[in-house]
Amino acid sequence: MIRRIHHVGVAVKRLADAYRFYRDVLGLPLLKEQTIPAQGVRAALLAAGDTEIELLEPLDTTSGIGRFLVRRGEGLHHLCFETPDIGGALVRLTDRGAELIDTAPRDGLAGRIAFLHPRACCGVLVELATPPVGETPSQPSTLRLKRLVLGTQDVEQTAGRFQALFGFSEVAMNGGPRTMLAVGNGTLLVVPAGEVGGTEGMVALSLVAEDFAALTAALRRAGTPRLEGTAEVSVEPTGSHGVHLHISRYNFP
């Protein structure tokens, strides 16, 4: 039912400001930008390997994204999975007891889309998308998705819920109270909330740099707040519009 993580949505105050980091510093190619009055947003998709980052700017404070920014500030907003048949996927998810926001597909930046209620996925807002026929699923980029980290009070329950709804397989790990699930070429890493400051839901985004030295040099030139290591750099949320962002030299561990 699920091909890949299509994109990870990030709520931002202004697209122009977010472009300066995600497009100009990180080098993620802009794929498309569109104003969607029905959703109250101006949205943009940027390529990150075979996944995308969606930046969402509210058209006003009464929109969903506008209310999110008032409550939580900038940061990770939703997770989108690509499916070849969104109508059929909604039927199957309903049969599996998932609570839906959209009982029928509608138009969005990613194609035909629908949202599940956060209660369906243990507090994570999940979108499904079927892109337009013939749309290229990816574009060359300097970064690609490694994993999305989810925090939860009950790792087994949360991981089991995603497996039951979407059929994700578990990836072997070196023990510990964590579970990793494969989604296309990316993964979801489910960790105890206590390990991530008590935060539940989407916690952090991990990417792999094709040229790690060039990436760290770009971050230094831009003065982006960060912590640098020999194989990973962690960008402070103040520099990445509220996102805990980890960029690695290697895909594993």
Side-chain angles (χ1 to χ4, degrees), residues 3-36 41-58 65 74-82 108-111 113 127 129 131-132 135-149 183-188 202-228 231-251:
R3 287 175 170 166
R4 62 174 177 133
I5 296 175
H6 184 279
H7 66 260
V8 177
V10 179
V12 301
K13 294 177 181 177
R14 295 181 68 246
L15 281 182
D17 295 336
Y19 281 158
R20 282 195 281 272
F21 175 69
Y22 286 95
R23 182 190 61 190
D24 301 340
V25 177
L26 296 187
L28 302 182
L30 176 62
L31 300 176
K32 63 173 79 171
E33 179 186 320
Q34 183 179 337
T35 297
I36 310 173
V41 298
R42 185 157 188 83
L45 285 171
L46 295 89
D50 63 355
T51 302
E52 296 160 18
I53 304 296
E54 183 178 41
L55 304 175
L56 300 157
E57 174 192 320
I65 294 297
E74 295 184 304
L76 294 170
H77 178 262
H78 70 272
L79 167 62
C80 179
F81 298 128
E82 180 180 323
L109 188 60
I113 68 165
E127 177 185 8
E135 182 173 276
T136 303
S138 62
Q139 181 172 319
S141 62
T142 58
L143 297 172
R144 56 187 173 85
L145 179 72
K146 181 176 182 180
R147 59 179 170 245
L148 176 68
V149 182
V183 189
N185 293 324
T187 59
L188 299 179
M202 293 185 292
V203 174
L205 189 63
S206 292
L207 304 171
V208 176
E210 182 178 290
D211 187 335
F212 187 75
L215 182 279
T216 54
L219 292 171
R220 290 169 191 156
R221 286 195 301 272
T224 304
R226 69 205 179 278
L227 295 173
E228 289 188 28
E232 183 176 83
V233 58
S234 296
V235 178
E236 299 289 347
T238 53
S240 51
H241 296 269
V243 178
H244 288 273
L245 183 63
H246 308 288
I247 304 173
S248 304
R249 184 189 300 271
Y250 309 110
N251 191 48

query: Is it true that the side chains of Glu127 and His6 contain a donor and an acceptor less than 3.5 Å apart?
result: no
task: Of all the heavy-atom pairs spanning Val25 and Arg20, show the shortest one and how long it is.
output: CG2-O, 3.1 Å
- prompt: So which heavy atom on Tyr19 is nearest to which on Ala44, and how close?
  reply: OH-CB, 3.2 Å
message: Would you say Glu74 and His241 are linked by a side-chain donor-acceptor pair, where the criterion is simply a distance under 3.5 Å?
response: yes
- prompt: Between His246 and Ser234, does any side-chain donor sit less than 3.5 Å from a side-chain acceptor?
  reply: yes
message: Let me confirm one number: the CD1-CD1 distance from Ile36 to Ile113, rounded to the nearest 0.5 Å.
response: 7.0 Å
message: Checking the side chain of Arg4 only, and the main-chain atoms of Val183 only, is there a donor and an acceptor separated by less than 3.5 Å?
response: no
- request: Would you mind telling me which of Leu46, Leu219, Thr142 makes a side chain to side chain contact (heavy atoms under 4.5 Å, CB included) with Leu26?
  value: Leu219
task: Please lay out, stage by stage, how Leu55 and Tyr22 fare under the test side chain to side chain contact (heavy atoms under 4.5 Å, CB included).
output: CA-CA 9 Å; Leu55 304 175; Tyr22 286 95; 4.0 Å; yes
statement: Smallest heavy-atom separation, Pro225 atom then Thr238 atom, equals CG-OG1, 3.7 Å
- prompt: Short question: side chain of Thr187, backbone of Leu148 - any donor-acceptor pair under 3.5 Å?
  reply: no
query: Can you name the closest pair of heavy atoms from Phe21 and Ser240 and give their distance?
result: CE2-CB, 3.5 Å
- prompt: Should the pair Glu57-Arg14 be classified as a salt bridge under the 4.0 Å nitrogen-to-oxygen rule?
  reply: no
message: Assess whether a salt bridge exists between Arg144 and Glu210, defined as any Lys/Arg side-chain N lying under 4.0 Å from an Asp/Glu carboxylate O.
response: no
- prompt: Any idea which heavy atoms bring Leu56 and Ala43 closest together, and the distance?
  reply: CD2-CB, 3.7 Å
- line: Closest non-hydrogen atoms of Ala110 and Ala129, given as atom of the first, atom of the second and distance, are CB-CB, 3.8 Å
task: Look up atom CG in Asp24 and atom CZ in Arg221, then write down how far apart they are to the nearest 0.5 Å.
output: 11.5 Å
task: Dump the intermediate steps for side chain to side chain contact (heavy atoms under 4.5 Å, CB included) on Leu109 and Lys32, then the final yes or no.
output: CA-CA 8 Å; Leu109 188 60; Lys32 63 173 79 171; 3.3 Å; yes
message: What's the separation between atom CG in Leu145 and atom CG in Asp50, rounded to the nearest 0.5 Å?
response: 8.0 Å
message: Tell me whether Lys146 contacts the main-chain N or O of Ile247 through its side chain, where contact means a donor paired with an acceptor under 3.5 Å.
response: no
Under 3.5 Å: donor-acceptor pair, side chain of Arg226, backbone of Thr224: yes
message: For the residue pair His7 / Glu54, report whether a side-chain donor-acceptor contact shorter than 3.5 Å exists.
response: yes
